[in-house]
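Contents: one structure, followed by commentary.
A, B, ... follow the sequence lines: proteins, then strands. Residue 1 opens every chain. This is a predicted model, so every value here is computed, not measured.
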Amino acid sequence: MSDISIARTHADVREERTVTAGTRAWELFAEQPDVIAARIGGELRDLSHELADGDEVEAVEITSPDGLDILRHSTAHVLAQAVQALFPEAKLGIGPPITDGFYYDFDVETPFTPADLDKIETRMRKIIKENQRFSRRVTTDADALTELQHEPYKLELIALKGGGAAEDAAEGASVEVGAGELTIYDNTGRSGDVVWKDLCRGPHLPTTKRIPAFKLMRSAAAYWRGDEKNKQLQRIYGTAWATKEDLEAHLHRLEEAERRDHRKLGRELDLFSFPDELGSGLPVFHPKGGVIKREMEDYVRRRHIEEGFSYVGTPHISKDGLFHTSGHLPYYADTMFPPMEFEGSNYQLKAMNCPMHNLIYASRGRSYRELPLRLFEFGSVYRYEKSGVIHGLTRVRGFAQDDSHSYCTPEQAPAEVEHLLDFMLSVLRDFGLDDFYLELSTRDDSKPGKFVGTEEQWATATKVLEDVARGSGLELVPDPGGAAFYGPKISVQAKDAIGRTWQMGTVQYDFNQPQGFGLEYAAADGSRQQPVMIHSAKFGSIERFLGVLVEHYAGVFPPWLAPVQVQAIPVAERHVDYLYDVAKRLRAAGIRVEVDDSDDRMQKKIRNAQLQKVPFMVIVGDQDVEAGAVSFRYRNGDQDNGVPIEDAVARVVDAVAARTQV
RNA sequence: GCCGCCUUAGCUCAGUCGGUAGAGCGAAUCACUCGUAAUGAUUAGGUCGUCAGUUCGAUUCUGACAGGCGGCUCCA
């Protein structure tokens, strides 16, 4: 046998080695049980891959991102094997790794119950214990079609692959059929017999026993290939980790996330509710939630005025002709509430504010000297969202946008877009949000019917937005096909507690509505020109932003946003009057303070204030009264005793003014 | 909208194999007047989501609807 030269890299250490031909990757990492696959020449391979002369072999550890994907994908195979063992009629969909876990889709007669999941999980543990080997086998399309004739969905994937459209087949389908040769992974038992197999690109763990920790999470329906016209399959979600501790930590994180869910905190902190009587997706704000909402509104109204916007107002309802002029109705009729007919007209609840702002623009002749003309308002809009998508404050049917429209000359547009994006980012900073990225939504050229305007107009608009977005230095994610019918969009995407991303602020470039409304201005040479309009919302929706804020802070708001900024607590009842005086001075300084004069004990009052996450407590007993001072307690339990009243007021006022977290 | 699950006191939940229900917290009242995360006692509070059906009898079984939860699809 001849020798070959290879290079082995593990933990960033590269060493060259000479091995005999026929050596497999696992032999290089026999001493490293954490290594579960190899990257050879840039490609992920099974450890059973036979090395060739000159190969660069890099260890893939189970804890690495690639390693975790492989672990999760292999666990998905074990899931599928268990399901087919227990439900022989189940047909396989796809089973890719996802963030923190994996899923596998099955076509079964009846959906899985939680009890089924328990049974499946037990079976999976058995399969893991059996230490089945994952073994790769190259096949041909023709052979695979015969071998998998009982798996109609797999056949469909193979056929699609033939068309060179594996990625288009379905999100995640590429793990089944890669771009290269078609492969099947056999699970073999101790005696080498094939106990189960699946069409798969791989790679996989060497054996099932290398799955250290997993758990099935839930089952849910999902449309085959993500298309609601297709049949719904039953999807089982699971999670898998490199160690039991990692799994525990993950489950703990999920619990923590649940704790900061704005729907839960909204009730606990008495911020808002969703009365059944109003209907789904229609929130009401309670006094404490109203404080946060008002602070947000006051802030953003003031900022808009500072940034050159005029505060305007428009009604909630309009004759439908307006939305035909704007072009919205043909595109969005099914997401607008149905029309109300009276006095011979159809009235629509508005789903967007721009048409009404256009009417303000058009109310008189405009000169280029007025541009950019900037209008802003809190526009209440109503959208008939499908019942299944309503979610707390983040997806509702009635909400207010902090909506602005800037009318400008095409030459002014780039600077205006840049100004708006900077403005929007500064708003996010002031509210302490930092975990977000930008998305650039563009037109989908394959669906021209969804968009109006010429290709040149779209190209110009898209370039303006893209240049500005890139200039921000933030991560920019493309969103092809996500644009509005009238133009492309930059949006801020923020994550909620459970990891779902929500669109927050937007900047949109629109050359269509000015045309539809016949908007114009007198240029310097006396000619009439058409302005460009830039739509922008800094929060996006007040409701959604508030919901995300609650989760971001887990209800622990910085003092400027806290519904109650100071809780005043007497040690005994005789200290209440003194506290009323202190409260009066705080109120005079614009501070939201409450005196707890209930007959609870002081300890209980502190506990309540703590549970309500009030930033500051002012506690007063005999010693404080004597000293003309207060005991100043922070949310974290720190306390300064004997703080003179003026100092206490100043501390709170300063914290509020600085918008800092405490 | 689709699939599955859920809906009992203000909140969190128990319970009734079909004979109209309980706890803790919260609330109210009383006592206690207390120095850093729950003082004690008493009382009130529920046509068991709504409407039908089956039944001598339904909170319990069935169906429809409403609302919620988890996904999918969608998201100007």
Side-chain angles (χ1 to χ4, degrees), chain A residues 103 105 108 110-114 116 171 217-237 258 261 263-264 267-268 270 273-282 323 326-328 331-332 334-336 350-355 381 383-392 394-396 401 403 441 450 479 482-487 489 491 498 500-503 506 508 510 513 535 537 540-541 544 569-576 598-612 617 619-624 631 633 637-639 641:
Chain A
Y103 67 77
D105 288 341
V108 284
T110 45
F112 299 109
T113 63
D116 290 336
E171 200 180 337
M217 303 302 284
R218 66 176 65 93
S219 65
Y223 298 102
W224 168 239
R225 294 177 58 201
D227 187 334
E228 68 178 325
K229 290 184 205 68
N230 288 340
K231 182 165 186 178
Q232 280 197 331
L233 307 182
Q234 295 301 317
R235 176 171 296 178
I236 296 179
Y237 284 94
E258 229 171 276
D261 190 312
R263 294 165 299 182
K264 189 176 160 69
R267 193 171 45 239
E268 288 172 0
D270 197 14
S273 61
F274 302 89
D276 285 1
E277 291 84 342
L278 290 182
S280 187
L282 297 168
F323 301 110
S326 70
H328 284 98
Y331 292 91
Y332 301 121
D334 55 346
T335 42
M336 287 178 76
K350 72 175 168 184
M352 63 292 297
N353 304 298
C354 29
V381 296
R383 297 176 183 181
Y384 183 62
E385 301 285 0
K386 289 181 185 173
S387 57
V389 307
I390 307 289
H391 183 93
T394 45
R395 190 84 178 266
V396 291
Q401 295 177 309
D403 209 358
S441 300
K450 273 190 73 182
D479 172 32
F485 72 89
Y486 51 72
K489 163 175 85 181
S491 60
I498 5 186
R500 285 183 268 223
T501 51
W502 296 99
Q503 179 180 300
T506 59
Q508 303 178 51
D510 184 357
Q513 287 194 57
H535 308 240
S541 138
R544 176 178 287 179
I569 297 177
V571 170
E573 204 177 325
R574 62 178 176 277
H575 308 119
V576 168
S598 69
D599 58 1
D600 284 327
R601 296 174 69 209
M602 179 202 59
Q603 285 87 336
K604 180 69 167 290
K605 294 178 182 184
I606 290 173
R607 177 181 153 85
N608 286 344
Q610 206 72 50
L611 290 176
Q612 285 294 305
M617 281 175 238
I619 302 171
V620 164
D622 290 336
Q623 295 154 33
D624 302 292
S631 296
R633 192 186 203 270
D638 288 353
Q639 183 167 320
N641 291 333

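- The phosphate of B:C72 has OP1 or OP2 within less than 4.0 Å of a side-chain N or O from A:Tyr237.
- Side-chain contact between A:Gln639 and A:Met617: absent, with no pair of heavy atoms (C-beta onward) separated by less than 4.5 Å.
- A:Lys229 has its NZ atom 18 Å from the P atom of B:C72, to the nearest Å.
- The backbone N or O of A:Ser598 sits less than 3.5 Å from a side-chain atom of A:Lys605, completing a donor-acceptor pair.
- In this structure, A:Arg500 reaches the sugar-phosphate backbone alone: every heavy-atom distance under 4.0 Å involves primed, P, OP1 or OP2 atoms, never a base.
- A:Arg500 places a side-chain heavy atom less than 4.5 Å from the side chain of A:His391.
- Atom C1' of nucleotide B:C32 and atom CD of A:Gln603 are separated by 13 Å, given to the nearest angstrom.
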I'd like a table of atom pairs between the protein and nucleotides 45-50 of chain B - only N or O on both sides, under 3.5 Å - with the distance next to each one.
none

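- Atoms CG (A:Asp599) and P (B:A31) sit 10 Å apart, rounded to a whole Å.
- The main-chain N or O of A:Tyr237 is never found under 3.5 Å from a side-chain atom of A:Arg218 such that the two would form a donor-acceptor pair.
- In this structure, CZ of A:Arg607 is placed 14 Å from C1' of B:U39, rounded to the nearest angstrom.
- Comparing A:Gln503 and A:Leu611 along RNA chain B, the residue whose closest nucleotide (by nearest heavy atom) sits nearer the 5' end is A:Leu611.
- Whole-Å rounding puts the A:Asn608 CG to B:G26 P distance at 8 Å.
- Residue-level contact check: A:Arg263 touches the backbone only, with heavy atoms under 4.0 Å from sugar-phosphate atoms and none from bases.
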- Task: Apply side-chain contact (heavy atoms from CB on, under 4.5 Å) to A:Lys489 and A:Gln503, showing your working.
- Result: CA-CA 11 Å; A:Lys489 163 175 85 181; A:Gln503 179 180 300; 3.0 Å; yes

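- With sequence neighbours excluded, the residues forming a side-chain contact (heavy atoms from CB on, under 4.5 Å) with A:Tyr332 are A:His328, A:Thr335, A:Ala484, A:Phe485, listed by chain and number.
- Across all strands, A:Asp624 comes closer than 4.0 Å to base atoms (heavy-atom distances).
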Each base of RNA chain B marked ( ) or [ ] if paired in-strand (Watson-Crick or G-U under 3.5 Å), | if paired to another strand and . if unpaired gives (((((((..((((.....[..)))).(((((.......))))).....(((((..]....))))))))))))....

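- Considering only residues two or more places apart in sequence or on other chains, A:Arg267 meets the salt bridge (Lys or Arg N to Asp or Glu O under 4.0 Å) condition with none of them.
- B:G67 and B:C30 have their P atoms separated by 43 Å, given to the nearest Å.
- Comparing the same atom, C1', in B:C75 and in B:A21 gives a spacing of 44 Å after rounding to whole Å.
- Applying the 4.0 Å criterion to OP1 and OP2 of B:U73, one finds that A:Arg395 has every side-chain N and O outside that range.
- Nearest nucleotide to the A:Ser280 side chain, out of B:G68, B:G71, B:G35: B:G68.
- For the C1' atoms, the distance linking B:G18 with B:U54 amounts to 12 Å, nearest Å.
- Comparing the same atom, C1', in B:U43 and in B:A9 gives a spacing of 15 Å after rounding to whole Å.
- Checking the phosphate oxygens (OP1, OP2) of B:C72, no side-chain nitrogen or oxygen of A:Arg225 falls inside 4.0 Å.
- The nearest whole Å value for the distance from the CE atom in A:Met602 to the P atom in B:C34 is 11 Å.
- Within 4.0 Å (heavy atoms only), A:Lys489 reaches sugar-phosphate atoms of the nucleic acid but no base atom.
- Here the side chain of A:Ile390 is nearest to one of B:C75, B:G68, B:G35, namely B:G68.
- A close approach under 4.0 Å does occur between a side-chain nitrogen or oxygen of A:Lys604 and OP1 or OP2 of B:G26.
- Across the P atoms, B:G15 and B:C61 are found 13 Å apart, a figure rounded to whole Å.
- Residue A:Gly637 is the one, among A:Gly637 and A:Arg601, whose nearest nucleotide of RNA chain B lies closer to the 5' end (criterion: closest heavy atom).
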Can you pull every protein N or O that's under 3.5 Å from an N or O on nucleotides 1-5 of chain B?
residue, atom, partner, partner atom, Å
B:G1, OP2, A:Ser387, OG, 2.9
B:G1, N7, A:Gly388, N, 3.0
B:G1, N2, A:Tyr223, OH, 2.7
B:C2, O2', A:Gln232, OE1, 2.8
B:C2, O2', A:Gln232, NE2, 3.2
B:C2, O2, A:Gln232, NE2, 2.8
B:C3, O4', A:Gln232, OE1, 2.5
B:C3, O2', A:Gln234, NE2, 3.4

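- No donor-acceptor distance shorter than 3.5 angstrom exists from the side chain of A:Asp261 to the backbone of A:Glu258, with no hydrogens or angles considered.
- Of the P atoms belonging to B:A52 and B:C69, the separation is 28 Å, rounded to the nearest Å.
- For the pair A:Arg383 CZ and B:C74 P, the interatomic distance rounds to 17 Å; values are reported in whole Å.
- Closest to the side chain of A:Ala222, from the set B:C72, B:G67, B:C75, is B:C72.
- Spacing between B:U7 and B:G45 at atom P, rounded to whole Å, works out to 25 Å.
- Take A:His575 and apply the ring-ring contact (aromatic ring centres under 6.0 Å, His included) test, not counting sequence neighbours, and it matches no residue.
- B:U8 and B:G46 are spaced 15 Å apart, taking the P atom of each and rounding to whole Å.
- The CG atom of A:Asp276 sits 14 Å away from the C1' atom of B:G10 (whole-angstrom rounding).
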